[in-house]
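This report refers to the structure that appears directly beneath it.
For this chain, numbers begin at 1 and follow the sequence in order.
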Amino acid sequence: MTAQPRGARTTAYVWFFLAPTVLLYGAFTVYPILGSYAYSFTDWNGFDASPTFIGVANYQEVLADPMFWSSFRLTLTFMVVAVPIQVLITLLLAIVLNSPKMPLRKLFRTALFLPVVTTTAIVGVVMQFVFDPASGPVNLALRELGLAPDGVDFLGQSGTALGTTIGVYVWKWFGITLVYWLAALQTVPEDVYEAARLDGAGPLNILRHITVPLLKPFLVIITLLSIEASLQVFDLVLTMTNGGPFYSTEVIEVYIYRWAFAATIPRLGYASAAAVLFGLFVFVVGLLQLLAVRATRKARSAA
């Protein structure tokens, strides 16, 4: 009996150890995605024995629903407001924390990264107590300072709920964007800074003429990563506001959840159609990210 070649045994071992991951990924990611596409053409409440095929009726209804477009607008608003704040503030702070002269910089880095490793759902629940209009620490501080004697219902008013949720989101994921910028700053040669200082350049000139131009390729990538992350805020919004008040924070993910699981009579086909449309939008964002990464690599290789 001849022994198997070493390459064949190695391939068998690789697939043996990959099998659990492949099976779990297929069962909990690939299959649900394919199922959503199939269910989007059906009318099914999840309880009947079999769904009823209705063609593209769900897509027509979703596209005609003003609440869908309201949720889509809120999703875009969330992205447009959160991403610039997150990217620009973390860039400035990363420049400060990257300086060897900054005292306790490792401590600040660790403190800013801690919210990232905290479960988002737990953060959302805790923030309900933090912003509680009666006994939350934020309102207690505002009363002590005389800024809001009656308190502010940050999560219970349509005018403040979305902004408060965006603020918590930026704080939650601030650390990961900071790490991206710190890694990007390591690519800037220190001798370039030294040469600029010897020529008499000040901190602002160094930032404007050296740091920012050299970080432009990373700006594209980090911005696109932040955009993609800002589209995945279901757990935070659901635990903080549940899409309220008066649907003022109902992003598309919560809209889909409401029709699929929170409705009196679930409409899984309708929710699947909305999910497919949202998935196409996320796909476009991912495609832009891929094109931007390729363009960045070509620009760096040409330089």
Side-chain angles (χ1 to χ4, degrees), residues 29 72-99 102 105 108-109 112-113 115-117 120 162-163 165-196 201-237 251-253 277-303:
T29 301
F72 187 77
R73 177 182 57 81
L74 287 173
T75 302
L76 292 180
T77 301
F78 199 106
M79 177 185 69
V80 170
V81 175
V83 171
I85 295 175
Q86 187 175 358
V87 171
L88 295 178
I89 293 180
T90 51
L91 170 59
L92 296 176
L93 190 58
I95 293 172
V96 174
L97 294 178
N98 192 57
S99 174
M102 176 67 184
R105 60 175 184 160
F108 286 118
R109 290 180 183 182
L112 291 170
F113 192 77
V116 175
V117 299
T120 307
L162 183 63
T165 307
I166 292 174
V168 174
Y169 169 83
V170 172
W171 168 81
K172 169 72 171 71
W173 298 108
F174 192 89
I176 193 67
T177 312
L178 180 66
V179 169
Y180 292 155
W181 280 124
L182 288 171
L185 286 168
Q186 305 307 311
T187 65
V188 181
E190 185 62 30
D191 55 356
V192 177
Y193 289 133
E194 292 296 335
L204 291 179
N205 286 327
I206 291 176
L207 174 63
R208 178 181 177 184
H209 298 290
I210 296 178
T211 305
V212 173
L214 291 177
L215 292 180
K216 280 185 179 179
F218 298 98
L219 174 63
V220 174
I221 297 173
I222 292 174
T223 300
L224 288 171
L225 287 174
S226 300
I227 288 174
E228 192 170 348
S230 68
L231 299 174
Q232 304 171 24
V233 294
F234 168 76
D235 42 4
L236 182 64
V237 174
V251 294
I252 288 186
E253 292 173 307
L277 293 174
F278 180 57
L280 292 175
F281 175 71
V282 175
F283 172 78
V284 172
V285 173
L287 183 61
L288 292 175
Q289 178 181 347
L290 178 62
L291 295 175
V293 169
R294 288 184 176 178
T296 301
R297 288 176 178 174
K298 289 182 179 179
R300 293 191 66 182
S301 61

Find the distance between OH (Y169) and CG (L162) and round it off to the nearest 0.5 Å.
13.0 Å
4.5 Å side-chain heavy-atom contact, F113 and L178:
no
Do the side chain of E253 and the main chain of V233 share a donor and acceptor less than 3.5 angstrom apart?
yes
For V83 and S230, which heavy atoms make the closest approach, and how far apart are they?
CG2-OG, 3.7 Å
Quick one: pull up CG in L288 and CZ in F283 and give me the separation to the nearest 0.5 Å.
10.0 Å
Correct closest heavy-atom pair for T177 and V87 would be CG2-CA, 4.4 Å
Sub-3.5 Å donor-acceptor pair from the side chain of T187 to the main-chain atoms of A184, do we have one?
yes
Please round to the nearest 0.5 Å and tell me the distance separating atom OH of Y180 and atom CD1 of I221.
11.0 Å
Quick check for you: to the nearest 0.5 Å, what is the distance between L88 atom CG and L93 atom CG?
12.5 Å
Measure the CD1-OG1 distance between I85 and T90 for me, rounded to the nearest 0.5 Å.
11.0 Å
Please examine the side chains of L97 and L112, heavy atoms only from C-beta on, and report whether any two atoms are closer than 4.5 Å.
yes
Please determine which of V81, T75, V80 meets the side chain to side chain contact (heavy atoms under 4.5 Å, CB included) test together with T77.
V81
Atom CG of L204 with >12 non-hydrogen neighbours under 6.0 angstrom:
no
Looking at T223, I222, L215, which hits side chain to side chain contact (heavy atoms under 4.5 Å, CB included) with L219?
T223
Smallest heavy-atom separation, L185 atom then T211 atom, equals CD2-CG2, 3.9 Å
Indicate whether the side chain of S226 and that of Q86 have a donor and an acceptor atom separated by less than 3.5 Å.
no
Is the side chain of W181 donor-acceptor paired with the backbone N or O of F218 at a distance under 3.5 Å, no angle test?
no
When rounded to the nearest 0.5 angstrom, what is the spacing between CZ in R109 and CG in N98?
6.0 Å
Side chains of F281 and L231: closer than 4.5 Å at any heavy-atom pair?
yes
